[in-house]
**Student:** 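The structure follows.
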Amino acid sequence: MNVRLPEKFFVPLRRKINFFTYVSMEYNFRDIEKKWHQRWVAMQTYKVTEDETRQKFYVLNMFPYPSGAGLHVGHPLGYIASDIYARYKRLQGFNVLNPMGYDAYGLPAEQYAIKTGQHPEKTTFANIDRYREQLDKIGFSFDWSREVRTCAPNYYKWTQWAFQKMFNSFYSLTPLTPSPVGEGENLSKARPIEELIAYFKNNGTDGLENYGVAQSTELTFTAEEWNSWDEKKQSDVLMNYRLAFMGETMVNWCPALGTVLANDEVVNGVSERGGYPVEQKKMRQWCLRVSAYSQRLLDGLETIDWSESIKETQKNWIGRSEGAEVLIKVADSDVDFTIFTTRADTMFGVTFFVLAPESELVDKVTTPDQREAVDAYIKYVKGRTERERMIDHTVTGVFSGAYGINPITGDKCPIYVAEYVLAGYGTGAIMAVPAHDSRDYAFAKHFDLPIIPLVEGADVSEESYDAKEGIVMNSPVSPDKSVMYDGECLVLNGKTIKEAIAETKRFVKAHHLGRVKVNYRLRDAIFSRQRYWGEPFPVYYKHGIPQMIPEECLPIELPQVDKFLPTETGEPPLGNATKWAWDEKNKKIVENSLIDDENVFPIELYTMPGFAGSSAYYLRYMDPLNDEALVSEKAASYWQNVDLYVGGSEHATGHLIYSRFWNKFLFDLGVSKKEEPFQKLINQGMIQGWSSFVYRLRGTNKFVSFDLLEEQYDDAKKKNLYFYQGTEADPVYADISMVSGNVLDVEKIRQWTAEFRDAEFILNKNGQYIVSQAIEKMSKSKYNVVNPDDICENYGADTLRLYEMFLGPIEQSKPWDVAGIDGCFRFLKKFWNMFRPTPDPSRDGGESLRVDVTDEAPTPAELKALHKLIKKVTEDIEAFSYNTSIPAFMIATNELSSLKCTKRAVLEPMVVLIAPFAPHIAEELWEALGHTTSVCDAQWPVFNEKFLVEDTVKMMVAFNGKTRFGIDFPADADNATIEAAARNHELTPKYLEGKQIMKVIIVPKRMINLVIK
RNA sequence: GCCCAGAUGGUGGAAUUGGUAGACACGAGGGACUUAAAAUCCCUUGGCCAGUGAUGGCCGUACGGGUUCGAUUCCCGUUCCGGGCACCA
């Protein structure tokens, strides 16, 4: 009987046959990944050495702070991206350095130590071990033999060393002594402090202004004075010039953390870590003269391949402004002061002057009858926190009683003291032009001071005219209102503002009324912290004078203490150390009790800030074990600088500025070989977690948020709602039953707390109340950390790597969502099955696999699929567009699978192409293809255009831009043929609608547009 | 307030930089296989309208204009979201 069975009947049958003939191995990612992790270690696959015969490529990730929460899925995003690039470069024949290490000093470990008494080193090392374990699972090509930890003595030896070098350097635009200068050498650089000391011995400060010496304040003294001073006084004076110096400066003091903070560690007036209030306080602190490098930091931005937004942020932070400094004499007094302005053209509109409350000038100019009022005001200002000052911009100020003389008009104008003028910028004194500066305007209105408009057509009755556009008038109001200098007076009327600025600058300079000046907003970095867990300073105090511990004695190791809090006398935690004194004679650290000895002195109690250790770590990776130098000449010359740096954009004004500064200093010393440390920078976006539910309370701007909290209850994980308003203190717990999925039981919420009785909830399409879930940074405190280990366990590292790249453009931030991960997993299975690997009885007793491939020549279709992929993937990797290369792999795999391709010439390059993305599966298949070396050492396939050439092209025909149909043409069809075909196509009359073809536009190989009318 | 980046289906996102908008993936719906589930495979999937159907038409890249034969792409204006700076003279 011949019964025709439906097609579906054959499917299981066929599957069975396959099963018996092939026993095609399943994609067993767990075994594969474990095997290759072991193999890579055993074979030292990722060990790198300097190799002059090959071109170097240096890939670097911003090293992580090993936090207690472990690695979350956001961390690997950047690491995977850089790993793909590193592996790709290696396949192209480059000698790739791809190291990893730990930024191991930090506040959380110290705070944990304070709470538990556990030494921060212990928790830090435990966290590092955990990080390492997690990183190893993902299959990165890191050369772990080069690992650095900032808290390791053999590492921070060089942090201390660099600090000492900065201490012993000053900065000037030109050398102080005429010296032979090499071709193209940077004249503006750090120089040994001895050069400056020699200068002082001979000249004092006479003529120093000609060399552009970077300094805290402008000092004047003679050679005699210098030579007559004792060691202490000379030391104090030199602090004004050293690149690392002890300075009495206003600092961001955070009482809750018991330490000072750098500007970039303060966000919106509170500490970046912990969100504690920060106040301004004058303290003696170590500082780095970062400002000396302002111009070079700015210029360098033009030479590096960073995103515009990061460059812009750095430009803002450096804040260059060109202007003029003008000397103002105080009437009826011999006191004078200097103001800084970028609007020199507005000298005729000055109606008052303003001093910063912190300026020492305030004391000098205040008249006796205003003394009380000024003192009261100063007291008020001091009582205000940084945060209050930032939020509250109401006009405050007080008249000093004195008058300043405008050198251009000769007018006497009142001098005020007001907090809107900052002591730290410019000279701490300004000339106020209310007509053309909104801040001066508000002040003038408040104190009822005159407002003189200086720009034609500018209406200043309601607000100031701040724009730098227009024609100048009232400058002077009348000819006798401009003071004569050497027979010349300033006249600006009729000029454009730009011209007027230039003319005023010239006038001021020519008649010695002031000088042209460039100011930078960039401040010197405060370099000491009152903490335990940081690099100790290699400094001791001899009769109050800071002395460097000799270089050969470095590192000065962090002393043991029994508690990590400040001492009872308020000294930093290092004050708890009992063995923390320097024996100068025997060159060693000794017990504090010996300080009475004439050769024994106390050691610095401050420690260095977080950015100290992270500023030059990329140099150390080049030569991590070197005991003689930070980096050997040979290693530095070979590796030069980082070619590709990957990390978060949140470091734009911190690490990325400090690092550039630090590197420029080391470049001046000849240690670093490139002026810029990081040639190309990629900022990976943040992978955020889902957390807060946010509501607005009706009729208010008050927002209330929930956090989802996972807690362990009776061995079962239960999600609970954690409620807080603005602060995390005193949380109120709610019941999870209020939320099911993302639908909210509003009545329950309303009953739960009075806060929500009037809450306005959002309705979705179905009329249900929904919660809008905020997307936030993943952090332990938000309980929204997604751990990569689970993904590796369930899908494998290759799937994780693929999926993280597939998620979207690398630079974009996005919330973590596992929903799509199956797609990548399925793809890898498909990719695997395309090779049909089977156990190979001839090797390892059948444990290894083999792939049945033929050496037959591939068909054109197979070659086309392959070469399309080579082209796409190569271009995408170069452009860091990994999210588009993964679809290309999917497409090629689908094409080749349906072509049932078994050609070695096609499948083998496929394995190499996927190796950077999914290294484990690639290694396994590479081995199964019969190779005995790692796929890492294969060669990147070369794209050949000729396999992509189409003999026919489909061109779309459009009428007035509306695409209607397509026509196939031979690839070499000429325009006349194409046009004729379009005109004569059977569908053309339908779209002509009786109109005339006015014009024909042919875009080669793409489209034909018929313009009709 | 100033500066920078962005807005594309139910979702993540593609689009050779001015030339077929929605690749690829997820989700959803339908089907095959299975006792069943998982896994796998196939089909449909921007919206609306017409048609039994093959198919055809209109609309559509935040909104409103403009340039162009043709605009997600370029220009002007508006709204919204994100980032940076923020009394820096």
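Proteins come first, then strands; the chains are lettered A, B, ... in the order of their sequence lines, and each starts at number 1.
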**Student:** Under 4.0 Å: is that the gap between some side-chain N or O of Lys962(A) and OP1 or OP2 of C59(B)?
**Tutor:** yes
**Student:** State which of G27(B), A25(B), C85(B) makes the closest approach to the side chain of Asp822(A).
**Tutor:** G27(B)
**Student:** Using whole Å, what does the distance between atom C1' of nucleotide U16(B) and atom NZ of Lys871(A) come to?
**Tutor:** 8 Å
**Student:** Classify the angle between the aromatic ring planes of His985(A) and Phe965(A) as parallel (below 30°), tilted (30 to 60°) or perpendicular (above 60°).
**Tutor:** parallel
**Student:** So, does Arg964(A) get its side chain near the phosphate of G57(B), meaning an N or O under 4.0 Å from OP1 or OP2?
**Tutor:** yes
**Student:** Which label fits Tyr27(A) and Trp832(A): parallel for a plane angle under 30°, tilted from 30 to 60°, or perpendicular past 60°?
**Tutor:** tilted
**Student:** Quick one: which of U20(B), G56(B), C41(B) gets closest to the side chain of Thr963(A)?
**Tutor:** U20(B)
**Student:** Please pick, from G56(B), C69(B), A86(B), the nucleotide with the shortest atom-to-atom distance to any side-chain atom of Trp317(A).
**Tutor:** A86(B)
**Student:** Enter syn or anti for the glycosidic conformation of G82(B), syn applying to angles within 90° of 0.
**Tutor:** anti
**Student:** Just compare G12(B), C69(B), U40(B) and give me whichever is closest to any side-chain atom of Val1011(A).
**Tutor:** C69(B)
**Student:** Answer with base, sugar-phosphate or nothing: what part of the nucleic acid does Lys315(A) contact at a heavy-atom distance below 4.0 Å?
**Tutor:** nothing
**Student:** Rounded to the Å, how far apart are Ile310(A) CD1 and G83(B) C1'?
**Tutor:** 10 Å
**Student:** Which of the following nucleotides, A14(B), C4(B), G19(B), is nearest to the side chain of Arg1006(A)?
**Tutor:** G19(B)
**Student:** Syn if the chi torsion is within 90° of 0, anti otherwise; quick check, which is U17(B)?
**Tutor:** syn
**Student:** Does Ser321(A) make a side-chain N or O approach to OP1 or OP2 of A89(B) shorter than 4.0 Å?
**Tutor:** yes
**Student:** Tell me which nucleotide among U40(B), C69(B), A89(B) gets nearest to the side chain of Ile1001(A).
**Tutor:** C69(B)
**Student:** Taking for each residue the nucleotide of RNA chain B bearing the nearest heavy atom, is the 5' side occupied by Glu308(A) or by Phe825(A)?
**Tutor:** Glu308(A)
**Student:** Take atom NZ in Lys498(A); do more than 12 heavy atoms of anything else shown fall under 6.0 Å from it?
**Tutor:** no
**Student:** For the residue pair Phe917(A) and Tyr882(A), categorise the inter-ring angle as parallel (less than 30°), tilted (30 to 60°) or perpendicular (more than 60°).
**Tutor:** perpendicular
**Student:** If you measure only the distance, is there a donor-acceptor pair under 3.5 Å linking the side chains of Thr884(A) and Asp876(A)?
**Tutor:** yes
**Student:** Between G19(B), C85(B), A89(B), which one does the side chain of Asn1009(A) approach most closely?
**Tutor:** G19(B)
**Student:** Does Gln812(A) have a side-chain nitrogen or oxygen under 4.0 Å from the phosphate oxygens OP1 or OP2 of G6(B)?
**Tutor:** no
**Student:** Is Tyr882(A) near enough to G13(B) that one of its side-chain N or O atoms lies under 4.0 angstrom from OP1 or OP2?
**Tutor:** no
**Student:** To the nearest Å, give me how far apart CG (Asp437(A)) and P (C2(B)) are.
**Tutor:** 15 Å
**Student:** Please tell me which of the listed nucleotides, C85(B), A25(B), U40(B), lies nearest to the side chain of Asn316(A)?
**Tutor:** C85(B)
**Student:** With the side chain of Pro887(A) defined as its heavy atoms from C-beta on, choose the nearest nucleotide among A23(B), C87(B), U20(B).
**Tutor:** A23(B)
**Student:** OP1 or OP2 of A89(B) versus the side-chain N and O atoms of Tyr425(A): is any pair under 4.0 Å?
**Tutor:** yes
**Student:** Sticking with atom P, work out how far U73(B) lies from A62(B), rounded to a whole angstrom.
**Tutor:** 8 Å
**Student:** So that I can tick it off, tell me whether Lys864(A) and Glu895(A) are bridged by a salt bridge, with the cut-off set at under 4.0 angstrom between side-chain N and carboxylate O.
**Tutor:** no
**Student:** Which nucleotide sits closest to the side chain of Asn883(A): G13(B), U20(B), C85(B)?
**Tutor:** G13(B)
